[in-house]
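Only heavy atoms go into these numbers, but all of them, side chains included; no hydrogens, no water, no symmetry mates. Letters A, B, ... are given to chains in the order of the sequence lines, protein chains preceding strands, and every chain is numbered from 1.
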Amino acid sequence: MPELPEVETTAALVRPHLEGRVITGARASWLRSLGGPAVAEFEASVVGSRIAEVTRRAKWVVLHLERAGRPAGSILCHLRMTGRLVVDAQPGHADREGAFERVSLGLRGPAGGTATLRFLDVRKFGRFRFVEDHLEALADLGPEPLGEEFTEEWLIRALKARKRVLKPLLLDQTFLAGLGNIYVDESLFQAGLHPERSAHQVPKDRARALHGAIQSTLRQAIEREGSSFDAFYRTPEGQPGSYQHLFRVYGREGKPCPTCGRPIKRLVVAQRGTHICTRCQPAPRAPGKRR
DNA sequence: CCTTAGGCCTGCGCGC
DNA sequence: TGCGCGCAGGCCTAAG
């Protein structure tokens, strides 16, 4: 559950269980998840801090920490492919999911109640790390697609300035932060753009369409709490998101295009499975080839 | 600057 | 049923 809408959903769902609680302990069973430091070092950085606020930036969940009312660094969590955050009211019950726990934090509430934040991650690509300065750590990210900076004019100029293939550019988090494979495919379809077009050749009206497509796709996905494919990967509350039912092209190879009825094609662009309607998203003219 | 291949990991579904 | 293969929502690195 790893693109912007799924991360937004995750942050919203853990927020009420985390804000205001104090970290009383830390454990890690997969060291790479911590992204560098040893467990003891990580523990020393976070234990005793209070989680003041839970926010999202791009595909990162940010736990803002405080000590004695002053900022004391952040925990940055990236779910990558299979990461999940769950909060248990009762610490440490060993169920099926327990096997995939990589990091956990013991928590104490203002009223004294305890809980456990668990970072679960089947494939171990995700990260759960402490940083002193989250702004510095995330400085390379591009604008938020639902933020103020991301305007039609910004996108028109930004596309014009880049000589890159459209899909990998949209997946590049330093260009625009938060899109992944699913929402890029869905947005390009909605905008009528072929994923292999050159960014600088996208006409203004298509760029405007893309801007609208990205925002509406993400907003609708957030409304439906993201996309969930199988029974295992779910929101922290155990409920699947439902946006997958609204996919127009992603994962729909061979099924009819919702607009024209032609079968959806699957191709590989920049090593990523890519889904398009060849009629609604016409291919770019091959270089050197006329009419 | 850009692009591609490989690596990181595990589990699932498919065809044989 | 079992086995090998290809696939997966991400992203970093090295090399061309």
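- At a threshold of 4.0 angstrom between heavy atoms, the contacts of A/Gln271 include nucleobase atoms, whether or not backbone atoms are also involved.
- Straight-line distance between the P atoms of B/dC9 and C/dT13: roughly 15 Å, to the nearest whole Å.
- Comparing B/dA5 with C/dC7, their P atoms sit 14 Å apart, to the nearest whole Å.
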Return one dot-bracket line describing DNA chain C 5' to 3' (Watson-Crick or G-U wobble pairs, both distances under 3.5 Å; ( ) same strand, [ ] crossing, | another strand, . none). .|||||||.|||||||
What side-chain donor-acceptor pairs closer than 3.5 Å can you find for residues 203-212 of chain A, not counting sequence neighbours?
{"residue": "A/Arg206", "atom": "NH1", "partner": "A/Ala191", "partner atom": "O", "Å": "2.6"}
{"residue": "A/Arg208", "atom": "NE", "partner": "A/Glu152", "partner atom": "OE1", "Å": "3.4"}
{"residue": "A/His211", "atom": "NE2", "partner": "A/Phe150", "partner atom": "O", "Å": "3.0"}

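- Using a 4.0 Å heavy-atom distance criterion, A/Arg266 is classed as a sugar-phosphate-only contact.
- A donor-acceptor pair under 3.5 Å is absent between the side-chain atoms of A/Asp185 and the main chain of A/Tyr250, judged by distance alone.
- Identified under the salt bridge (charged side-chain N to carboxylate O under 4.0 Å, His left out) test for residues 247-267 of chain A, with sequence neighbours left out: none.
- Rounded to an integer number of Å, the gap from NZ of A/Lys163 to P of B/dT3 is 11 Å.
- A/Gln190 and A/Ser216 form a side-chain donor-acceptor contact under 3.5 Å, judged by distance and modelled atom types alone.
- Contact annotation for A/Tyr183: no contact, since no heavy-atom pair falls under 4.0 Å across all strands.
- Nucleic acid contact for A/Trp30: sugar-phosphate only, since backbone atoms but no base atoms lie under 4.0 Å from a heavy atom of the residue.
- Here the side chain of A/Arg272 is nearest to one of C/dG10, B/dC2, C/dA8, namely C/dG10.
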